[in-house]
Every structure is written in C-alpha cells, then in structure tokens.
Colleague: 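One structure coming up, written as structure tokens, with questions to follow.
Sequence lines set the chain letters: A, B, ... in the order given, protein chains first and strands last, and positions in each chain run from 1.
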Amino acid sequence: DTGVSQNPRHKITKRGQNVTFRCDPISEHNRLYWYRQTLGQGPEFLTYFQNEAQLEKSRLLSDRFSAERPKGSFSTLEIQRTEQGDSAMYLCASSLVLEGYTFGSGTRLTVV
Amino acid sequence: QKEVEQNSGPLSVPEGAIASLNCTYSDRGSQSFFWYRQYSGKSPELIMFIYSNGDKEDGRFTAQLNKASQYVSLLIRDSQPSDSATYLCAVRGSGGSNYKLTFGKGTLLTVNP
C-alpha cells in the first residue's frame, strides 16, 4: 500500500491518560503534516515537518502535545494528560514539494 | 488570521443536476487552491486543484478561480448520489507559510436519486 498510513484508527482513553498516534507517510514524500478536525469543522493545521525538522507548531498545540519525525520517516503525535476537548479526528498528510496533500485515514480520539 | 469561507449548506440537488459550491478567501497572496471531498467518517480526498484564473475541467468537475474577487468555485455536472459528501475548499498560504493549507468548514452536498 503506497498511501499514508495512520494507527490506530480509533482510540478511546480516559481523561488524564497519555496517547500516542503514528503516521507513516508516502515513502518519497519529504513533507509531513498533522491536522485536527472536529465535527462540523474543516481540518486545522497543527504542525509541519520537512524531513526530520519540525518547522512550525500551531498555537493550537499546547505544551501537552508533542510531535516527532525521527530520521524523516514516520511521525508520532503524543498528547499528554488528555482532556475532553482533545476529542477529535487527528489527520496526518504528506506531500512532495508543494503539491496537494494526501491524507491518511485519520485517528479518531475519544476522551471519556 | 487567514480565512476561508464556504457557503454553509447543506446543499441538496436532484440526480443529474449541476451542483455549485463556492468559496472565498482572505489571503490575497494565495496562489494555489484545492477542493477536497470528505465522506462521512472518512478523511479528505483531493479531487481538484487550480492555480490560474479561469476554469479547469476534470471529468464532471470544473474548478473556477477569480483571484481579483478572491473566489473559488467547484461545479459538479450530472450529479450522482455517490457525490453526496462534504466538500472542503482549501487555500495554500503565501510567503513563508506556503506549506500550510487553510480549510473552510465545508459544504455538505446531498444528491437525491
């Protein structure tokens, strides 16, 4: 499969727990993005990697959020001490240069 | 704050009709514009992009861009029930933010058989 892969597809967690999501981009894509989408809204930008460098982190991301992309391959997004407001679909996308993104299937997070 | 606005919908059209989806944007420096389709519970799927003023056609889809009016539209001809989805307009940032897409809230389209 040559698409963007995200795991897990669904995650239910209790408030206060830590969660980590993984994204495997299309292999030749050097750019990787994380977006968050809540019901009735469009995706909102969270962070951007070019190769292994994190070049921007949105103000939407509090200190509880951290993202990494070691060796410019897969990426992880960790949320510490989850809150109910973190419940959303977390979307990973990748691209080559500045063409349109290819999104993964997303990870739906529910914080109870 | 760069914004992208879409007509909120929902938009309902009969099968075989033309569906017209509209989008305006605030960043005059934007050069690239995208339309994504999102089925319920799924992730967005790129269906069209446009960079130049005028029309761009791809099968039943036509994207229209007017940079002077900061307006982008998507026309779907011969609408099919399978076109029922939320359509997201996205605008690429300008200057140092040219890697970032800003999305509208989307327009829900329903095509009735």
Colleague: Is the CG atom of A:L55 crowded by more than 12 outside heavy atoms at less than 6.0 Å?
Modeller: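 For A:L55, atom CG is crowded (more than 12 foreign heavy atoms under 6.0 Å).
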
Colleague: State, to 0.1 Å, how close A:P43 and B:L88 come at their nearest heavy-atom pair, and which atoms those are.
Modeller: CD-CD1, 3.9 Å

Colleague: Taking everything shown except A:R15 itself, do over 12 heavy atoms lie less than 6.0 Å from its CZ?
Modeller: no

Colleague: Taking atom CD of A:E68 as the centre, report whether more than 12 heavy atoms of other residues, nucleotides or ligands fall under 6.0 Å from it.
Modeller: no

Colleague: Which atoms form the tightest heavy-atom contact between B:Y99 and A:Y33, and what is the distance?
Modeller: O-CE2, 3.2 Å

Colleague: If you count heavy atoms of other groups shown closer than 6.0 angstrom to NZ of B:K105, is the number above 12?
Modeller: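 No, NZ of B:K105 has 12 or fewer neighbouring heavy atoms, counting only those of other groups under 6.0 Å.
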
Colleague: Is the shortest side-chain heavy-atom distance between B:F103 and A:F45 below 4.5 Å?
Modeller: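 B:F103 vs A:F45: side chains apart.
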
Colleague: For B:F49, is the CZ atom crowded, meaning more than 12 foreign heavy atoms sit under 6.0 Å from it?
Modeller: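 Open.
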
Colleague: Considering non-hydrogen atoms only, spot the tightest contact between A:Y101 and B:L46 and give its length.
Modeller: O-CB, 4.3 Å

Colleague: Minimum heavy-atom separation for B:S43 to A:S105, with atom names?
Modeller: OG-CA, 3.8 Å

Colleague: To the nearest 0.5 angstrom, please state how far the CG atom of B:L101 sits from the CZ atom of A:F103.
Modeller: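 CZ of A:F103 is found 6.5 Å from CG of B:L101.
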
Colleague: Against chain A, label B:Q38 side chain, backbone, both or neither, depending on which of its atoms sit under 4.5 Å from a heavy atom there.
Modeller: side chain

Colleague: Below 4.5 Å from any heavy atom of chain B, which atoms of A:E44 appear? Answer side chain, backbone, both or neither.
Modeller: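 Interface part for A:E44: neither.
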
Colleague: Evaluate whether atom NZ of B:K56 has more than 12 neighbouring non-hydrogen atoms of other residues, nucleotides or ligands under 6.0 angstrom away.
Modeller: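 Result for NZ/B:K56: enclosed.
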
